[in-house]
Number of protein chains: 2
Amino acid sequence: MEFKEAKNKFIQTWGALGSQWGINKTMAQIHALLMVSAEPLSMEDVMDELLISRGNASMNLRALMDWGIVYKEYKSGERKEFFTAEKDLDELAVKIAKERSKREIKPALKVLKDVSSINRATSLETKHFVEQTSKLYDFVLKADNMIDKVTEIKDNWIGRLVMKIMR
Amino acid sequence: MEFKEAKNKFIQTWGALGSQWGINKTMAQIHALLMVSAEPLSMEDVMDELLISRGNASMNLRALMDWGIVYKEYKSGERKEFFTAEKDLDELAVKIAKERSKREIKPALKVLKDVSSINRATSLETKHFVEQTSKLYDFVLKADNMIDKVTEIKDNWIGRLVMKIMR
DNA sequence: TTAAAGTTTCAATATAAAATGAAAGTTTAA
DNA sequence: TTAAACTTTCATTTTATATTGAAACTTTAA
């Protein structure tokens, strides 16, 4: 396989993976492209490489910056803006996890809490509902907390030990 | 809030969360409905509760069974088929994780491995590409392996200890 | 200032994904 | 063995999502 072919395959795959996980295809593709680019790219560059419109490029670059995983850069002497991706993968994972937690998990947790707090003194049906949603609340909360814990892992010895055991 | 209202809110929220994570809305809603139903439900029941067509119900119940998180049941004397959801949340999480790993992560890993193995003796550009995709391969592999490890956690003392520390 | 270079916005359009529903298929009890 | 009860399939339609592109906006250098 040749460089150009490999690069394209990578970008397509990353895009597909993204959309399977609820991240829009172009956004994932732009991120992939920037990840493997040695140099920062301009919006033109991105448009040309991925064959997408200016508007699409603009909107998705903005979204990636909102997620904190793509940065704007300026080159001296150049008027254009350039973009680079976060290349530290631990950092990348943490940012994605935190962002999704904030946008999706936290609001869902709120609803779970609300619906599991209805008056349980009534029917058997209601009792079962409250029981299940309460369990779910605890579970999701615990899972969500793990994200924060993982962030701290590298800062403490037991965390590093655990990582070694988990390999 | 009243039972019926709470139940509906839960189902809608779970459906929305699902589609944000690449699982189709109806599939997530059916799962939610079965999760909080004290009794197994028939396909009719599901159709009526969620106001969906027979075809839709059939296809998504089948998909949920393929994922191994919904089971078919028979009631004696009844000709209809009934459905229940996996209600053990640890079990549920493991099954979802395994299934997504199998369907999405594993194929992506294969591609990552392939593209990171192109001849690296060429340009600087190529060198950077190989470097990045190799790192990504290692990272995704590690993350994916964690799923298996988590499965085993409950079976060994260090795992339980870790869970306590992570709380 | 102003006009050229560049970026953003958003209504309109295209694309992809999900849902419908009727026909075909299957199972079961009489 | 057949007809009623029930389930599955899939071509068509609907809905949701992503993309385009041209106009509006912003910035900068002369």
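Letters A, B, ... are given to chains in the order of the sequence lines, protein chains preceding strands, and every chain is numbered from 1.
Listed nucleotides: C:dA19, C:dT20, D:dT7. Nearest to the side chain of B:Glu81: D:dT7. For A:Asn56, counting side-chain heavy atoms from C-beta on, the closest listed nucleotide (D:dT19, C:dG6, C:dA18) is D:dT19. The side chain of A:Met59 has C:dT9 as its nearest neighbour among C:dT27, C:dT9, C:dA19. Residue B:Ser53 places its side chain closer to C:dG21 than to any other of D:dT8, C:dG6, C:dG21. Across D:dA4, C:dT9, D:dT19, the shortest atom-to-atom separation from the side chain of A:Asn60 is found for D:dT19. Side chain of A:Thr26, nearest nucleotide from C:dA18, C:dT20, D:dA18: D:dA18.
The environment of NZ in B:Lys113 is sparse: at most 12 heavy-atom neighbours from other residues, nucleotides or ligands sit within 6.0 Å.
Counting to the nearest Å, the P atom of D:dT26 and the NZ atom of A:Lys72 are 14 Å from each other. Rounded to an integer number of Å, the gap from B:Tyr74 OH to C:dT26 C1' is 12 Å. For the pair B:Lys75 NZ and D:dA5 P, the interatomic distance rounds to 19 Å; values are reported in whole Å. Computed from coordinates, the A:Asp48 CG to C:dG6 P distance equals 13 Å when rounded to whole Å. Separating the CE atom of A:Met65 from the C1' atom of C:dT7 is a distance of 10 Å, rounded to the nearest angstrom. Atom CD1 in A:Ile52 sits roughly 17 Å away from atom C1' in C:dT13 (whole-Å rounding). The interatomic distance linking A:Arg79 (CZ) with D:dT26 (P) rounds to 15 Å, in whole Å. Rounded to whole angstrom, the span from the CG atom of A:Leu61 across to the P atom of C:dT9 amounts to 13 Å.
The side chain to side chain donor-acceptor pair (under 3.5 Å) check on A:Lys106 picks up A:Ser101, A:Asp144, with sequence neighbours excluded.
For A:Ser19 and C:dA16, the shortest distance from a side-chain N or O to OP1 or OP2 is not below 4.0 Å. Contact annotation: A:Asn24 reaches the phosphate of D:dT19 (side-chain N/O to OP1 or OP2, under 4.0 Å).
Note that CZ of A:Arg62 is 12.5 Å distant from CE of A:Met27, once rounded to the nearest 0.5 Å. To the nearest 0.5 angstrom, A:Glu73 atom CD is 12.5 Å from A:Glu78 atom CD.
On a pure distance criterion of 3.5 Å, no polar donor-acceptor pair joins the side chain of A:Arg62 and the base of C:dT8. A donor N or O paired with an acceptor N or O is not found under 3.5 Å between the base of D:dT20 and the side-chain atoms of A:Arg54.
Each of B:Lys25 and A:Phe82 was matched to the nucleotide of DNA chain C holding its nearest heavy atom; the match closer to the 5' end belongs to A:Phe82. For the pair A:Gly55 and A:Ile23, both in contact range of DNA chain D, the more 5′-proximal nearest nucleotide belongs to A:Ile23. Where A:Leu51 and B:Glu78 meet DNA chain D, the nucleotide closest to each residue was compared, and B:Glu78 sits on the side nearer the 5' end.
Ion pair B:Lys95/B:Glu99 not flagged as a salt bridge, since none of the NZ, NE, NH1 or NH2 atoms sits closer than 4.0 Å to an Asp/Glu carboxylate oxygen.
Side-chain contact check for B:Asp138 versus A:Leu89: every heavy-atom pair is 4.5 Å or farther apart.
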